[in-house]
2 protein chains.
Amino acid sequence: MIVHPRGATSQGGTHNMYQQAGSVGQDEPMSKPLYRQVADTLRAEIADGVFGPGDDLPSERELRERFDASRNTVRQGLQLLVSEGLLNSSQGRAYQVRSHEIFVLNASKFENLQFSQREDGDSYDNEVLHSGRQPHQEFRVEMVKVPQDIAERLKVAPGEQGVLRFCRRFVDDTPWSTQATHYPKWLVDAHPRLAEPDDIEEGSTRYLADRGIEQIGYHDELMTRMPTPEEARELQIGPGVPLLIWIRTGFSTDKPVRCTRTTFRGDLNHITYDLGDLRALTTRGDLH
Amino acid sequence: MIVHPRGATSQGGTHNMYQQAGSVGQDEPMSKPLYRQVADTLRAEIADGVFGPGDDLPSERELRERFDASRNTVRQGLQLLVSEGLLNSSQGRAYQVRSHEIFVLNASKFENLQFSQREDGDSYDNEVLHSGRQPHQEFRVEMVKVPQDIAERLKVAPGEQGVLRFCRRFVDDTPWSTQATHYPKWLVDAHPRLAEPDDIEEGSTRYLADRGIEQIGYHDELMTRMPTPEEARELQIGPGVPLLIWIRTGFSTDKPVRCTRTTFRGDLNHITYDLGDLRALTTRGDLH
DNA sequence: TAGTGGTCTAGACCACCGG
DNA sequence: CGGTGGTCTAGACCACTAA
């Protein structure tokens, strides 16, 4: 039988009956778990700029001493900050404060509703290039069974085949978003270039418009959730970064013609809409 | 000096050199961390309906035996699922599979753009009541310094005073969202009822419209991130549930008149927009 | 009261990164 | 190589919940 030579006290440790925050200045009113104190303290210091974007945090060993806590407790606190999206961590290197450069996508002018003539070849490249970054993308086209949820939006029979045009986008080599557009079979039969494995130069929306299939209305859905492990891998994000999901169903005069599901890293992307009469906005300056 | 009677082997434990997944059938190709195996296995079982929404998971003790792992390792796996938003946990009760009933808000018709006459008293109650739930809300009005980011959107000097109308909304007693609307000082001076601590029956947008301040355009911004501890408390969510944030700036013919920031529980809310000509949508049926 | 999860410690071996 | 984080164990006390 083995007896651990503890300090004969509760909580496992001798001191720090979780409270007092000891050596450090900041302490909390009453009995907050130690790991929370660690997280809260560091979070505040990040907010105050003690640790700026890209900076390394002190090592676990140092934090252990500073907070007079065990390694696991310190790690629990750090884990919290990781799960809030404030820190990055990877083996062999120090915890690092995340830096955020946010890309804003204006969904109400992304594809020009009424008149497809303006500027565009590929709307995404344009948007990104306008912000002075280096975009590139992986692209593939498949013939697949339309997924259940997409089939509902496209009003096709569940299980029916359709074309999937898939695209993963990078900005300066950072995975940015994945985009999957499904076209129903009837459309592809009539306009077979949709199924060809090349990127369509003029943009597929434009291609369809030129062939008489004009998208005159969109139904957009926006939601957020945490990534599955596959999604996390695909977008190279760890836990703590939520996804921003944008599902756009495009309509011709009488029926849906395509459904696009775009999955963004939530920490790097915002989406905007301009609605109604915004003459007042043209005189802006600060309003990004 | 104390020597722990380990199995004289690595990894601390005797067996389970993280691999093989022992007693259970499912195992992964090669040396995936044990806690990941725990998480992946349980995640798959949840997806397969072995554990449905609202069900209790086996206790940590049972899982410890099933996976032949230490308690901490099992907990690490469970923690992952919590952080993915799949599980709830609280002291004294078993881990529970989260159930999601999603509320969809149509932002493009939420406040009727052109003509304020239709239906509304309070747009939120209407939306919610239409879905057959019991809404209620906490409400307060304050005179505050307009926050930096809001000031930019309202085009007022940073540090200027303004009115904040704050609202926390519940559906069937579950906190659903918080909403903070800021009005600039010049507007409040002209229309002082904005600063009164009562809910405005007809809705403040309507109130302003009746007094000649019509909002004819909106600029909407949508984003997601993990909640801060205060936000988590306010919306009663644990880690693992991202926020969905909606910032609407309303414009009159010549300038912004208000800025509303709505913070939703991301797991319970979707936002939609209808753009352009959607005659085709009126003939729907399944498209929620 | 019995059982569950929450917090904490101490110590171990590993994989990875940089100098 | 030394230092950092990643994974894991064993055991302890606590707080909460439900029967």
Side-chain angles (χ1 to χ4, degrees), chain A residues 1-20 22 28 30-39 56-65 67-82 87-96 238-239, chain B residues 1-20 22 28 30-39 56-65 67-82 87-96 238-239:
Chain A
M1 157 147 291
I2 294 171
V3 178
H4 281 82
R6 291 285 168 64
T9 133
S10 66
Q11 275 307 5
T14 23
H15 25 17
N16 216 339
M17 318 231 337
Y18 54 87
Q19 179 57 299
Q20 64 23 343
E28 306 297 334
M30 268 288 291
S31 99
K32 178 154 40 170
L34 225 195
Y35 80 96
R36 297 275 264 123
Q37 294 181 35
V38 172
D56 283 359
L57 247 53
S59 72
E60 291 178 352
R61 193 185 56 72
E62 293 174 273
L63 293 174
R64 207 170 69 216
E65 290 169 11
F67 290 99
D68 187 23
S70 79
R71 189 182 169 209
N72 279 344
T73 300
V74 166
R75 282 179 62 81
Q76 202 178 347
L78 290 165
Q79 185 50 47
L80 226 187
L81 298 185
V82 169
L87 297 180
N88 274 328
S89 77
S90 59
Q91 234 176 15
R93 284 188 10 253
Y95 287 82
Q96 208 173 37
Chain B
M1 159 143 288
I2 294 170
V3 177
H4 279 82
R6 290 284 166 63
T9 133
S10 66
Q11 277 305 1
T14 24
H15 24 14
N16 216 337
M17 320 225 342
Y18 53 89
Q19 178 59 295
Q20 62 28 340
E28 308 296 333
M30 268 288 290
S31 98
K32 177 153 43 169
L34 223 195
Y35 80 96
R36 297 275 264 123
Q37 295 181 34
V38 173
D56 283 358
L57 247 54
S59 72
E60 291 178 352
R61 193 185 56 73
E62 293 174 273
L63 294 174
R64 207 170 70 216
E65 289 169 10
F67 290 99
D68 188 24
S70 80
R71 188 180 169 208
N72 279 343
T73 299
V74 166
R75 281 178 64 79
Q76 202 178 348
L78 290 165
Q79 186 49 47
L80 225 188
L81 299 184
V82 169
L87 296 181
N88 275 328
S89 77
S90 59
Q91 235 176 16
R93 290 199 354 264
Y95 288 81
Q96 207 173 40

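Lettering of chains follows the sequences in order, A, B, ..., and the numbering in each one begins at 1. Hydrogens, waters and symmetry mates are skipped; everything else that's a heavy atom, side chains included, is used.
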Can you check nucleotides 16-19 of chain C for protein contacts, nitrogen or oxygen pairs under 3.5 Å, and list what you find?
from   : atom 1 : to    : atom 2 : distance (Å)
C/dC16 : O4'    : A/Q91 : OE1    : 3.3

**Request:** Evaluate the criterion side-chain contact (heavy atoms from CB on, under 4.5 Å) for residue pair B/Q76 and B/V38; output intermediate values, then yes/no.
**Result:** CA-CA 9 Å; B/Q76 202 178 348; B/V38 173; over 6 Å; no

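Sequence order on DNA chain C of the closest nucleotides to B/P58 and A/S70 puts B/P58 first from the 5' end.
The side chain of B/S59 places an N or O atom within less than 4.0 Å of a non-bridging phosphate oxygen (OP1 or OP2) of C/dT4. Applying the 4.0 Å criterion to OP1 and OP2 of D/dT9, one finds that B/Y35 has every side-chain N and O outside that range. Note on A/R75: a side-chain N or O is less than 4.0 Å away from OP1 or OP2 of D/dG6. The side chain of A/T73 contributes no N or O atom lying less than 4.0 Å from OP1 or OP2 of C/dT7.
With rounding to the nearest 0.5 Å, the separation of CG in B/L87 from CG in B/D56 is 10.5 Å. Separation of atoms CG (A/L63) and CZ (A/R75) is listed at 12.0 Å; rounding is to 0.5 Å. Atom CG of residue A/L34 and atom CG of residue A/N72 lie 12.5 Å apart, to the nearest 0.5 angstrom.
Pairing each heavy atom of A/E60 with each of A/V74, the nearest pair is O-CG1, 4.3 Å. Residues B/F67 and B/Q37 approach most closely at CE2-O, 4.4 Å, considering heavy atoms.
Residue A/R71 places a side-chain atom within donor-acceptor reach of the base of D/dT7, judged by atom type and a 3.5 Å distance cut-off alone.
When the nucleotides C/dG5, C/dT7, D/dG6 are ranked by their closest atom to the side chain of A/S89, D/dG6 comes out on top.
What separates CD of A/E65 from P of D/dT4 is a distance of 10 Å, to the nearest Å. When rounded to the nearest whole Å, the span between CD of B/Q76 and C1' of D/dG6 equals 8 Å. What separates OH of B/Y95 from C1' of C/dT4 is a distance of 9 Å, to the nearest Å. To the nearest angstrom, P of D/dC8 lies 11 Å from CG of B/N72. Atom CG in A/L34 sits roughly 12 Å away from atom P in C/dA10 (whole-Å rounding). A straight line from CG of B/L63 to P of C/dG3 spans 17 Å, rounded to a whole angstrom. Between A/Q37 atom CD and C/dT7 atom C1' there is a gap of 12 Å when expressed in whole angstrom units. Between the CG atom of A/L57 and the C1' atom of D/dT4 there is a distance of 13 Å, rounded to whole Å.
Taking 4.0 Å as the cut-off between side-chain N and carboxylate O, A/R61 and A/E65 count as a salt-bridged pair.
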